[in-house]
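Inspection log for the structure reproduced underneath, given as structure tokens.
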2 protein chains.
Amino acid sequence: MRESTGGTRERIQAVALELFTEQGYERTSLREIAERLNVTKAALYYHFKSKDEIVNSLVEDRVQRIDELIAWARSQPPTRATRRALLNKYADMMFASEQPSVMRFFEQNQTVLKSLSAGMQMRERLLGLANQLCQGDNSPAAQLRATLTLFAVHSSWFAVRTPHITDQERKKIALEVADELLAGIGEPEPDAAQD
Amino acid sequence: MRESTGGTRERIQAVALELFTEQGYERTSLREIAERLNVTKAALYYHFKSKDEIVNSLVEDRVQRIDELIAWARSQPPTRATRRALLNKYADMMFASEQPSVMRFFEQNQTVLKSLSAGMQMRERLLGLANQLCQGDNSPAAQLRATLTLFAVHSSWFAVRTPHITDQERKKIALEVADELLAGIGEPEPDAAQD
DNA sequence: GTCTATAAGGAGATAGAC
DNA sequence: GTCTATCTCCTTATAGAC
């Protein structure tokens, strides 16, 4: 509860996310963000101690939520059903609120984000997700399939260019295609010992 | 035939591509490139009239080759066989010489490249390729599938983390998974008129 | 073809008033 | 919580000598 004036902090985050996604992190200066908000650069520094920290604040709780997802997946058996459920949860998360914009930002600024702590955290999480999605089948093809299912969810925004399509429809299509990819990932033997 | 000294121009391109991919276009200064080559910034400006132009030179002939690919696809019927052949040609191109690094650079610097002419050209071509890959089936799912096949080829570098795997194997796996995605794209009716 | 020197500008960040 | 003013640093790019 720190919003005494009207949530300037949140407005900064919103504008920053938009500009970072549109033009890239490096190409967006603090001056630009400030001007959009009709404040000065110095005002930004009251709310965030650096430019990096704006990105951190953007990524923070997303990272946490993905962690929870991975933890859940680990507690489940490495079956096809688990993988489907995991991806469904992930898609729900991605399509909720303005989550998508954060992922779009992430996808489009990968290189820069490598040198930002927020970026590294996100990378780790996505790698972790991909690993969970092919748990039980460590073949190269399975790894590729797992990665592509994530990308199916992410790319449903720009890859599908049909006009007037709703987010719900995008999600449905992404999951249908992803399911097919998941189906090609094998399950480990049910432990041989059956008599 | 301009290499009087030893292809400084080519050495600049090589180092620039490497650093751009590693750290991002914006984060890589001309000073840095020059230092790696043990020359001064001014020397770079003899070979390229601006930083952008280095990127242009990198992307130039790739764009042309993709154009040829698209032109070829247009001359073919929009069948599954054409799509498979198109993706095979594309994969051959991507895995030839040091092409992969250029695509990796492109994938990782999308946002920045939006404001560079070279970047826009590449974007158009990849969109064109995706369109050709789902020619004859304009359903949203088909568009997503087409996009994912391209990504399958591109991502086979980092998505497959099996050690000691060769490029040939990566390509093979990428195409296998991609084929499955292509199989879900429909073909137009063979023109009804059969008796 | 490569150098030294420098111009010109914008970036992130800080100090301290209000 | 936001301002003005300023610091420091590094960038792309150019001019002209060798």
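- The side chain of A/Ser29 places an N or O atom within less than 4.0 Å of a non-bridging phosphate oxygen (OP1 or OP2) of C/dA11.
- When the P atom of D/dT11 is taken as reference, atom CD of A/Glu26 falls 11 Å away, rounded to whole Å.
- Comment: B/Arg65 engages B/Asp61 in a salt bridge, judged by a side-chain N to carboxylate O separation of less than 4.0 angstrom.
- In this structure, B/Glu169 contributes its side chain and B/Thr166 its backbone to a donor-acceptor pair below 3.5 Å.
- In this structure, B/Phe20 and A/Thr111 have side chains that are not in contact, with every pair of non-hydrogen atoms separated by 4.5 Å or more.
- OP1 or OP2 of D/dT2 lies within a sub-4.0 Å distance of a side-chain N or O belonging to A/Thr8.
- Phosphate proximity of D/dT11 to B/Arg31: present, with a side-chain N or O under 4.0 Å from OP1 or OP2.
- Between A/Asp52 atom CG and C/dA11 atom C1' there is a gap of 13 Å when expressed in whole angstrom units.
- Contact check on A/Glu32 versus A/Arg36 returns no salt bridge, with no Lys/Arg side-chain nitrogen under 4.0 Å from an Asp/Glu carboxylate oxygen.
- Going from atom CZ of B/Arg27 over to atom P of C/dG12 covers 11 Å, rounded to whole Å.
- Atom OH of A/Tyr45 is separated from atom C1' of D/dT6 by 14 Å (rounded to the nearest Å).
- Using a 4.0 Å cut-off, some side-chain N or O of B/Thr40 falls inside it from OP1 or OP2 of C/dC3.
- Nearest to the side-chain atoms of B/Ala42 among the listed nucleotides C/dA13, C/dT4, D/dT4 stands C/dT4.
- Where A/Lys49 and A/Glu32 each meet DNA chain C at their nearest nucleotide, the meeting point lying more 5' is that of A/Glu32.
- Protein atom CD1 of B/Ile33 is 11 Å distant from nucleotide atom P of D/dA13, rounded to whole Å.
- The pair B/Asp92-B/Lys171 meets the salt-bridge criterion, since a charged nitrogen lies less than 4.0 angstrom from a carboxylate oxygen.
- The distance from atom CZ of B/Phe48 to atom C1' of D/dT14 is 18 Å, rounded to the nearest whole Å.
- In terms of position along DNA chain C, the nucleotide closest to B/Tyr46 lies nearer the 5' end than the nucleotide closest to the other residue of the pair B/Tyr46 and A/Lys41.
- Between A/His47 atom NE2 and D/dC3 atom P the separation is 10 Å, expressed in whole Å.
- If you take CG of A/Leu30 and P of C/dT14, they are 11 Å apart, rounded to a whole angstrom.
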